[in-house]
Amino acid sequence: MSFGLSGAIAIVLYLSITVAIGLLAARRVNSMRDYMIAGNGFGKWLVSFGVVGTIVSGASLLGNVGSGYGTGYALYVMTMGFAFLGLTVAYLLLAKPMTVTARRHEVYTLPDLLALRYGDSTTVRVLSATGVVLGSFIYMVVQFVAMAWVGTTVFGWSQLASVAFGGAVVILYSLGGGIRSAIWTNLFQMILLAGFAVWIAVWGIREVGGLSALHEKLGAISPEYLEPWHSDGAFVWQNVLLYAFFIGFLAYAGVPHVNTKFFTIRNLEVIRWLPFISCFLYLFGIAAIWAGTSYRVLEDEGSVPVVNDPDSVLPTLIIDQFSPFVVGILCAAVLAAVMSTTDSFMLLSGAAIVRDILKQSIGVRMSDRREMLYTRIACVVLMVAAGALALNPPPFVMALMAVAWGALSAMLGPVVYLGMRWRRANTKGAIASLSAGILVGGVVAILNETVFQDSPLLSPWNVAALGVLASYVAHVVVSLATAPEPSKIFAHFRDEQPSPLDDDVHEEGAKAGGTAGSKTNSLPPAPSE
Amino acid sequence: MFGLPVLTSLFVFGGFVAAVVLAVGFGLRFRSTDDEWAVLGKPYRTTRRR
């Protein structure tokens, strides 16, 4: 691919700005709280851009265009049909509880939150941390594969040089500043990515004569392109609808790279318009799908080159239709999408290993600064390992990517949602839920992509969706069948405080000037900002 | 809508519109003055005492 001097300038400019933002943000990091949750210091714009930026990865930018080209609307309905509602509901149900909990307790990671919610359970912490590390690592490998694509295709570099350069940039801008650098750069990256996605979608729709003309011509090629699911093949309703509802709606924010962003919220007022902003930002981020459907029509009309692989639609379109500078912008946009996802997963997996497994589960003692240092080292080790695996990715890694989001949602979604909003949920229920999610949404899904590829178990039903269902059912049944237990995250609720008629303990407290019954629930100030 | 079948339109446009309406409703009704949130189920203390 040739993109000339102007294209090279676009990419160099993007990389320079990203690194500069990351390094500037790193100057304000003084503690693990700063490093992992930005000292609870972010407002609505940064949180929105951080959440959506991490959702819209490099693979999904290329994939959205490819899915529009290859399946029409089926993959859109499957992965995005309920996703706007799912994201909004996630904010509604989780943003406030997680913001408050992060302010009242030392909670930096998702396993931290789950352990706190479920009676300081080491089992809950280890199970959830293991899921976070494995899921994050798979995502990192796939993002490195996308980096390698950009390096080899655009720059003509070797795979090793592409992976090493991309990984070095991510480490350079995000390792020092942690989540603060990651989200600040996400803001810039998301502006670039969304701007590009909207622009190319509008271009495609205009080329075919408008949205109605696009659908008319697409339906003429194959009516199935306009249907929400297909009558046979991979996109039958049992797969599409179940995934859309259970993963996209009921467990959308089970994935840690989304829900841990809620820990960074500055105060409760920030939450008010987060869902509204994020809905539009998400729409802009995934708009590239209409470039894919438009390309299918243009290809049929003979206006653009024929492609063999749906994933090559976007690069082919750009090279064929646009100037070298736009090609440079495309590459920068793909890099932006790749890096904004990679940095989140790097931090999540590094912290899960050091904080959740070594420090909190095994009991290795370390100071705040040591913990930050070890987390950075773990991040680098994981990045090197993911990069090495991406140089020659075994087929199963790509297969695992296909199930990674669903598996993470199945495993972690129900324990987070029920944990925050159902007081009767208890530790035994959480362990059952995590286990059911891992077994059905993870193990069965992975076996279907590898061992049982020819005749998948439970086919044609979507196993990740069944994993979510199994996880919810297991949590509810086991929690109701076992004894209730208190949880620290509800301890500040007014109805958890001793009431005047309750017991002697309260009377003593009241005589001593206790505050039961009064408004005791205002947030303490953020520790660092 | 825009030449799409009704069911597909519901997923493609309806999901977004419903989410925006829900987000606006949430924005208008959200209480940021205390740090309690609505939960299902009785508090543990009440359950234990009964």
Side-chain angles (χ1 to χ4, degrees), chain A residues 73 76-77 80-89 91-92 96-97 99-100 103-104 210-216 219 226-228 244 267-280 283 420-425 484-487 490 492-496 498 502 519 521-523, chain B:
Chain A
Y73 280 102
Y76 178 95
V77 169
M80 262 91 73
F82 279 106
F84 292 105
L85 270 174
L87 182 59
T88 304
V89 167
Y91 279 119
L92 266 60
K96 186 172 185 179
T99 302
V100 171
R103 295 288 289 271
R104 288 183 167 270
L211 204 51
S212 297
L214 165 66
H215 294 144
E216 188 185 325
L226 302 184
E227 297 299 327
N267 58 49
L268 294 182
E269 188 54 33
V270 167
I271 297 171
R272 185 181 298 280
W273 296 110
L274 276 180
F276 185 77
I277 297 168
S278 297
C279 275
F280 282 93
L283 179 68
M420 294 299 104
R421 292 288 177 169
W422 188 40
R423 273 200 276 206
R424 189 63 178 79
E485 61 189 30
S487 174
F490 303 123
H492 65 283
F493 276 33
R494 281 187 288 272
D495 59 13
E496 291 278 353
D502 252 3
K519 268 204 153 190
N521 53 354
S522 57
L523 277 173
Chain B
M1 188 180 282
F2 297 110
L4 273 181
V6 174
L7 195 56
T8 313
S9 296
L10 275 177
F11 283 106
V12 175
F13 303 113
F16 173 74
V17 172
V20 169
V21 170
L22 189 62
V24 170
F26 172 77
L28 294 174
R29 293 177 60 86
F30 181 70
R31 276 193 316 138
S32 60
T33 50
D34 68 54
D35 62 349
E36 289 193 19
W37 57 91
V39 287
L40 293 171
K42 296 185 175 83
Y44 169 73
R45 290 182 76 256
T46 309
T47 310
R48 185 181 54 177
R49 280 160 195 283
R50 284 177 182 175

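Lettering follows sequence order; numbering is per chain, from 1. Small disclaimer: the values here were computed from a predicted structure and weren't measured. Basis for what follows: all heavy atoms, side chains included, without hydrogens, waters or symmetry-related copies.
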Item to check | Non-hydrogen atoms of B:Asp34 and A:Leu268 that approach each other most closely | outcome: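 Minimum heavy-atom separation between B:Asp34 and A:Leu268: O-CD1, 3.1 Å.
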Next on the checklist: Ignoring hydrogens, what is the shortest heavy-atom contact between B:Glu36 and A:Arg494? Give both atom names and the distance.
Outcome noted: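 So the minimum-distance heavy-atom pair works out to OE2-N, 2.5 Å.
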Please state whether the side chain, the backbone, both or neither of [X] comes within less than 4.5 Å of a heavy atom of chain B.
X: A:Leu214; answer: neither
X: A:Phe276; answer: both
X: A:Glu227; answer: both

Checklist entry - If you round to the nearest 0.5 Å, how far is OG of B:Ser32 from CD1 of A:Ile271? => result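 Taking CD1 in A:Ile271 and OG in B:Ser32, the distance rounds to 8.5 Å.
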Next on the checklist: Working to the nearest 0.5 angstrom, can you tell me the gap between B:Phe26 CZ and A:Leu274 CG?
Outcome noted: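 If we round to the nearest 0.5 Å, B:Phe26:CZ and A:Leu274:CG are 8.0 Å apart.
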Checklist entry - With the threshold set at 4.0 Å, does a side-chain nitrogen-carboxylate oxygen contact exist between A:Arg103 and B:Asp35? => result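 B:Asp35 and A:Arg103: not salt-bridged.
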Side-chain donor or acceptor of [X] paired with backbone N/O of [Y] under 3.5 Å:
X: A:Arg272; Y: B:Phe30; result: yes
X: A:Arg421; Y: B:Leu40; result: no
X: A:Lys96; Y: B:Arg31; result: yes

Next on the checklist: Under the rule for side chain to side chain contact (heavy atoms under 4.5 Å, CB included), what residues qualify as partners of B:Leu28, not counting sequence neighbours?
Outcome noted: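 Side chain to side chain contact (heavy atoms under 4.5 Å, CB included) list for B:Leu28, sorted by chain: A:Trp273, B:Val24.
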Checklist entry - Do you know which of A:Gly81, A:Pro228, A:Ser212, A:Pro97 has the most heavy-atom pairs under 4.5 Å to chain B? => result A:Pro97
Next on the checklist: Counting heavy-atom pairs closer than 4.5 Å to chain B, which one of A:Phe280, A:Tyr91, A:Phe82 comes out on top?
Outcome noted: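 So the answer, after comparing A:Phe280, A:Tyr91, A:Phe82, is A:Phe280.
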Checklist entry - Quick one: are A:Phe490 and B:Val39 in side-chain contact, heavy atoms under 4.5 Å? => result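 A:Phe490 vs B:Val39: side chains touch.
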Item to check | Candidate pair B:Val17 and A:Phe84, rule side chain to side chain contact (heavy atoms under 4.5 Å, CB included), full reasoning | outcome: CA-CA 9 Å; B:Val17 172; A:Phe84 292 105; over 6 Å; no
Donor-acceptor contacts under 3.5 Å from residues 1-16 of chain B side chains, at least two apart:
residue	atom	partner	partner atom	Å
B:Thr8	OG1	A:Leu226	O	2.6
B:Ser9	OG	B:Met1	N	3.3
B:Ser9	OG	B:Pro5	O	3.0

Next on the checklist: Just so I understand: if I count every heavy-atom pair under 4.5 Å between each of B:Ala18, B:Ala38, B:Ala19 and chain A, which residue has the most?
Outcome noted: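 The residue among B:Ala18, B:Ala38, B:Ala19 with the greatest pair count is B:Ala19.
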